[in-house]
Amino acid sequence: MKQSLLFVPTLKEAPKDAEVKSHKLMARAGLIKQTSAGVYTYLPLAHRVIRNIETIIREELDKRGCSEMLMPALQPRDLWDESGRWDLYGPELMRLKDRKERDFCLGPTHEEIVTHAVRDYINSYKKLPLALYQIQTKFRDEMRPRFGLMRGREFIMKDLYTFHENQEDLDRWYQSMKEAYTEIFRRSGLETRIVSSDTGQIGGDEADEFMVMSEVGEDTISYCMSCSYAANQEFSGLSDGDVCPKCGGTIRTAKGIEVGNIFKLGTKYSESMNALFTSREGKREPVIMGCYGIGISRTLMASVEQHSTEDALVWPKELTPFDLHVVPVNYRDDALIEKVDGLVRSLEKDYRVLLDDRDERAGVKFKDADLIGVPYRMVIGKDFSNGKIEFLNRYNDHKEVLDLEDLAETLKSLNI
RNA sequence: CGGGACGUGGCGUAGCUUGGUAGCGCGUUUGGCUGGGGGCCAAAAGGUCGCAGGUUCAAAUCCUGUCGUCCCGACCA
């Protein structure tokens, strides 16, 4: 891919609205462009990363028996009246009317819709379990959007809903999804911590959150220094120095960004919305539900926060928009261009390659490359005529001059 | 929603106190020089100073209102 065609509007200075590191960097690296408070355009580089996150999610969920579908963002009031949430949700719910003055909202979550979608079908235990998910834009009219993609009014989310005939089956799936999430975040290169949480407004009886530890996080986590105990402070009430309820160790607190959560919903929606099935005993019972979310745009932001400095970024292997960044210091004379293009073509057979084909000075290209954060940079300079290129590994900051003949071998050994 | 701050070419900003031709850096265009860490010289384009009203001979500047954006707090599957 030629950089000149990709639309990567890098900036020397961050817009003054950007306050936290990841937000500044995302704006400077040409990843996002703010449209209004808490609403962003994801530019091509960010979009590529988002697609990579989505791919990981799809693989891990599909592998465990979940099915992807797509539900409407535009949701009629009737369903929200059924669950009772039209009145309960408050101003965070984006409400609107159609031309016939009928009430709608833009979905902040999809319990109502998914329950409506399956309730006629799930009439027997034989149809259970079922696990349905979607990746979609969600809307919440937040009182205060914050820190770029951290808390938006419009954001990309994966939401999954499971349906079960009994508690044991829900427990089994909950555990399986917990493992899926652990794997999803591991593959995304994010260090997360699982913390117990309150089940909040949505109702239910057990919940865990996946937290990326970070200074800019909005949640405070209480965790034990001696055992694995960790809980959202909102829920645990434990503060710095308190005694761990599990092992008696010392509690510490830290800030975290919630990138995912899993909930045992129970029968809150199936009861109110009449999603009943006939059990093995021949009784009509409300189906037992679980719901599981991942904030995809927030995960993107958390990744940048975790993998960046003030003016450079290094994408984790599975998220990176490209594998190799080829940076010819000189991309002017025809013979050279042809040679570089040939190299890129051969590399593109095995790798996703970004070629900085712009007629810019070396310094400009290098600064942009640092911002863009492709893990491996190949500089094509004076020694190219002697069959040599400079290879930078951003993961360990190791720079070396390579013979072109050794390039394939080197790349192979990096396991890109 | 309470508190605070800020709206001036694409980005960052000066000017506002004390009203009088809107300036600078970066970016953009053209030409030349350059060519391994955001270059240099020259020329040029680009701005309803958020919007509305008011005061005044005259408003980016003063007054009123309004909209927007950010930060702190409260809030949050």
Point to revise | Whole-angstrom distance between G73(B) and U18(B), as gauged at atom C1' | key: 38 Å
Exercise for review: Would you sketch RNA chain B in dot-bracket for me? Only Watson-Crick or G-U wobble pairs with both distances under 3.5 Å count, crossing pairs as [ ], other-strand pairs as |, the rest as dots.
Suggested key: ((((((((.[[[[.)....(..]]]].((((((.....)))))).....[[[[[..)....]]]]])))))))....
Exercise for review: Let me know the distance between CD of Gln34(A) and C1' of C11(B), rounded to the nearest Å.
Suggested key: 14 Å
Exercise for review: Compute both the distance and the angle, then confirm whether Lys264(A) meets the cation-pi test with Tyr174(A): under 6.0 Å from the six-membered ring centre, within 45 degrees of the axis.
Suggested key: yes
Exercise for review: Strictly below 4.0 Å, heavy-atom distances to any atom of RNA chain B: list the hits from residues 304-312 of chain A, or just say none.
Suggested key: none
Please set out all donor-acceptor pairs under 3.5 angstrom arising from side-chain atoms of residues 10-20 of chain A, sequence neighbours excluded.
| unit_1 | atom_1 | unit_2 | atom_2 | d |
| --- | --- | --- | --- | --- |
| Thr10(A) | OG1 | Asp368(A) | OD1 | 3.0 |
| Thr10(A) | OG1 | Asp368(A) | OD2 | 3.3 |

Review point. What is the per-nucleotide protein-contact pattern of nucleotides 32-48 of chain B, from the 5' end, where B denotes a base atom under 4.0 Å from a protein heavy atom, S denotes such proximity for sugar-phosphate atoms only, and - denotes neither?
Key: --BBBBBB---------
Exercise for review: Measure from CG on Asp17(A) to P on G7(B) and round the result to the nearest Å.
Suggested key: 11 Å
Point to revise | Length of the line joining Leu93(A):CG and C76(B):C1', which is rounded to integer Å | key: 13 Å
Point to revise | Distance in angstrom units between Met211(A) CE and C76(B) C1', rounded | key: 12 Å
For residues 397-412 of chain A, which side-chain donor-acceptor pairs fall under 3.5 Å, sequence neighbours excluded?
| unit_1 | atom_1 | unit_2 | atom_2 | d |
| --- | --- | --- | --- | --- |
| Asp403(A) | OD1 | Lys388(A) | NZ | 2.7 |
| Thr410(A) | OG1 | Asp406(A) | O | 3.0 |

Check your understanding: Under 6.0 Å from the CD atom of Glu218(A), do we count more than 12 heavy atoms belonging to anything else shown?
Key -> yes
Review point. Any donor-acceptor pair under 3.5 Å between the side chain of Arg146(A) and the base of C71(B)?
Key: no
Check your understanding: Do Arg95(A)'s NZ or CZ and the ring of Trp86(A) fall within the cation-pi criteria of under 6.0 Å and 45°?
Key -> yes
Review point. Can you tell me if NZ on Lys63(A) sees more than 12 non-hydrogen neighbours from other groups inside 6.0 Å?
Key: yes
Review point. Which residue, Asp208(A), Thr162(A), Asn261(A), forms the side-chain hydrogen bond (donor to acceptor under 3.5 Å, both in side chains) with Tyr292(A)?
Key: Thr162(A)
Polar atom pairs between nucleotides 1-3 of chain B and protein, under 3.5 Å, N or O only, would you list them?
none

Review point. Counting just side-chain N and O atoms, does Lys24(A) come under 4.0 Å of either OP1 or OP2 of C70(B)?
Key: no
Review point. In whole angstrom, what separates Glu92(A)'s CD from C75(B)'s P?
Key: 13 Å
Check your understanding: NZ of Lys16(A) versus C1' of G68(B): gap in Å, rounded?
Key -> 11 Å
